[in-house]
Protein chains: 2
Amino acid sequence: MKILSADDDKDLLALIAFTLSQAGYLVVKASDGTQALRAFEAEGPDLVILDINMPGATGFQVCEQIRTKSRVPVMMLTVRGEEEDLVRALELGADDYLSKPFSPRTLLARVKALLRRAGMENTAPLAAGRIQLDVDEHTVQVGSNQPLRLTKLELRLLQMLIANAGHTVSSDRLLMQVWGHKGSGDRQLLKQLVHRLRQKIEIDPAAPQMLQTAPGAGYKLVVE
Amino acid sequence: MKILSADDDKDLLALIAFTLSQAGYLVVKASDGTQALRAFEAEGPDLVILDINMPGATGFQVCEQIRTKSRVPVMMLTVRGEEEDLVRALELGADDYLSKPFSPRTLLARVKALLRRAGMENTAPLAAGRIQLDVDEHTVQVGSNQPLRLTKLELRLLQMLIANAGHTVSSDRLLMQVWGHKGSGDRQLLKQLVHRLRQKIEIDPAAPQMLQTAPGAGYKLVVE
DNA sequence: TGACGTTATAACCGTTTTGTAACCCGGCGA
DNA sequence: TCGCCGGGTTACAAAACGGTTATAACGTCA
């Protein structure tokens with residue numbers, strides 16, 4: 001599940017990103033309105049969190065732009081007491097809002113509620129190239145083969161790779177997203193998991209076509 | 001479909017009642033917390049809408065009381081900006097919230113979504129494949145066999161599975177829907193319940209045809 | 001109250017999934 | 001050439017999972 005968060009307050013942005021990452025979401029950051037729009041195009045997030053006051057383009061403008069081409073859930077961040085901002089945001093098609101300051105717990109609760117309401121909770125039709133992932137059933141289908149069962153960890157790993165298909169994802173990031181922590185001994189876990197996943201999805205696990213290694217950096221899913 | 005709406009603001013209450021009535025729901029009104037609880041007992045609504053600030057008993061208290069004996073969907077009405085209220089409401093078992101002011105259209109959309117999620121929307125006879133469920137009588141009929149009596153929990157479980165027939169429902173969600181809570185020890189409850197239900201509805205309970213396990217994910221009802 | 005059906009809790013078993021360690025191998029600089 | 005490093009592979013132990021059975025707690029109704 002990919003979330004785009006845009007805010008010019010670096011500290012707040014970091015806090016948001018941290019909170020959501022911990023909860024297993026993939027977070028894409030933007031620090032102004034134009035960046036946010038570009039990131040929206042490039043990443044195709046499942047949910048967008050926009051600060052209203054941003055250089056480049058305000059949250060309103062970004063929201064309006066997004067709404068011209070997508071119904072993705074949008075959450076607006078407002079300063080407490082600015083009621084007219086709120087009304088305007090909702091009129092522009094925002095789905096929820098959050099008044100600053102807010103607690104991480106609150107943010108998480110609202111994000112979850114929003115995703116649930118949007119029906120995105122489990123049912124993102126995740127696919128990349130010849131790979132089709134069914135998160136509900138815990139299965140992948142490669143090409144037109146028989147669907148394969150995946151374990152919880154394999155699913156999470158593949159989910160992260162698909163969410164970033166075509167780009168390499170650093171080992172640290174994967175460790176973080178799949179296990180929620182990162183230690184020195186955890187390199188082995190990732191090696192293992194990658195190996196197991198390759199056994200399942202690659203034609204020839206010894207010569208990986210899809211799940212490729214980026215030496216020294218991480219792994220990536222190549223799509224044609 | 002019966003909806004209980006509690007709010008001490010007469011105008012808002014009337015608006016809610018009007019909106020929902022127009023949409024074909026039967027609305028029961030209450031203007032304070034104690035009335036709400038009494039009405040809940042007397043009427044057994046399919047959904048409850050609670051204002052947080054009410055004389056008599058707050059929405060929190062009412063929600064808490066209701067949750068001790070029912071898993072009926074509860075929607076909370078909050079004043080915007082009161083994040084703490086929200087978190088508390090969700091923790092107490094509320095299923096959704098709506099910040100005032102809201103548009104009638106929004107209210108209706110949320111109510112529908114909630115009912116759908118709870119599997120209550122199906123007024124049609126609950127059936128899937130060879131299974132026919134009679135919610136009033138607490139019975140199932142499989143194929144043309146003798147109708148079987150189900151217990152309360154078995155009924156709810158089967159209801160949820162039928163509402164999502166063909167799709168895997170996660171254990172967490174089943175736990176939530178059937179018991180209304182989710183704890184670590186509750187894994188066992190679900191195992192048990194599934195086992196007992198299989199004994200009743202499967203031809204060969206050791207090799208389930210209908211109520212199948214999706215390892216690591218949950219359970220699903222397969223329909224041909 | 002006591003019997004009965006229902007629901008909760010616990011223990012056991014075989015299987016799958018996950019964690020840990022060791023070893024292998026090719027590349028690279030000393 | 002040697003030894004080290006990063007990544008792949010193999011092997012095995014630990015933990016989690018799902019099914020099953022047994023038993024205790026609970027509720028209801030005569």
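Ser170(B) and Asp172(B) are not linked by any side-chain donor-acceptor pair at a separation below 3.5 angstrom, with hydrogens and angles left out of the test. Arg156(B) and Thr151(B) form no side-chain donor-acceptor contact under 3.5 Å, judged by distance and modelled atom types alone.
Each of Thr151(A) and Leu150(B) has a nearest nucleotide on DNA chain C; the 5'-most of these lies closest to Leu150(B).
The CG-P distance, from Leu189(A) to dT17(C), rounds to 17 Å in whole Å. Glu154(B) places its CD atom 11 Å from the C1' atom of dG5(C), with the value rounded to the nearest Å. The CG-P distance, from Asp186(A) to dG7(D), rounds to 15 Å in whole Å. When rounded to the nearest whole Å, the span between CG of Leu175(B) and P of dT7(C) equals 15 Å. Atom NE2 of His138(B) and atom C1' of dT6(C) are 13 Å apart (whole Å). Atom-to-atom, CG of Leu153(A) to P of dT16(C) comes out at 17 Å; the value is rounded to the nearest Å.
The distance from the CG atom of Leu12(A) to the CG atom of Leu77(A) is 6.5 Å, given to the nearest 0.5 Å.
Contact between the side-chain N/O atoms of Tyr219(A) and the OP1/OP2 oxygens of dG6(D) is not found at any separation under 4.0 Å. Of the side-chain N and O atoms in Arg149(A), one or more sit less than 4.0 angstrom from OP1 or OP2 of dT17(C). Contact annotation: Lys152(A) side-chain N/O to dC17(D) OP1/OP2 distance is under 4.0 Å. For Trp179(A), a side-chain nitrogen or oxygen approaches OP1 or OP2 of dG19(C) to under 4.0 Å.
Near-neighbour residues of DNA chain D inside residues 190-205 of chain B, defined by a heavy atom below 4.0 Å, number-ordered: Lys191(B), Gln192(B), His195(B), Arg198(B).
When all heavy atoms are compared, the tightest approach of Thr213(B) to Arg198(B) is OG1-NH2, 2.8 Å.
Listed nucleotides: dA10(C), dT18(C), dG8(D). Nearest to the side chain of Gln188(B): dA10(C).
A salt bridge links Asp96(A) to Arg110(A): one of the charged nitrogens lies within less than 4.0 Å of a carboxylate oxygen. Salt-bridge annotation for Lys220(B) and Glu137(A): present, with a side-chain N of the basic residue lying under 4.0 Å from a carboxylate O of the acidic one.
A 6.0 Å sphere centred on CD of Gln61(B) holds more than 12 heavy atoms belonging to other residues, nucleotides or ligands.
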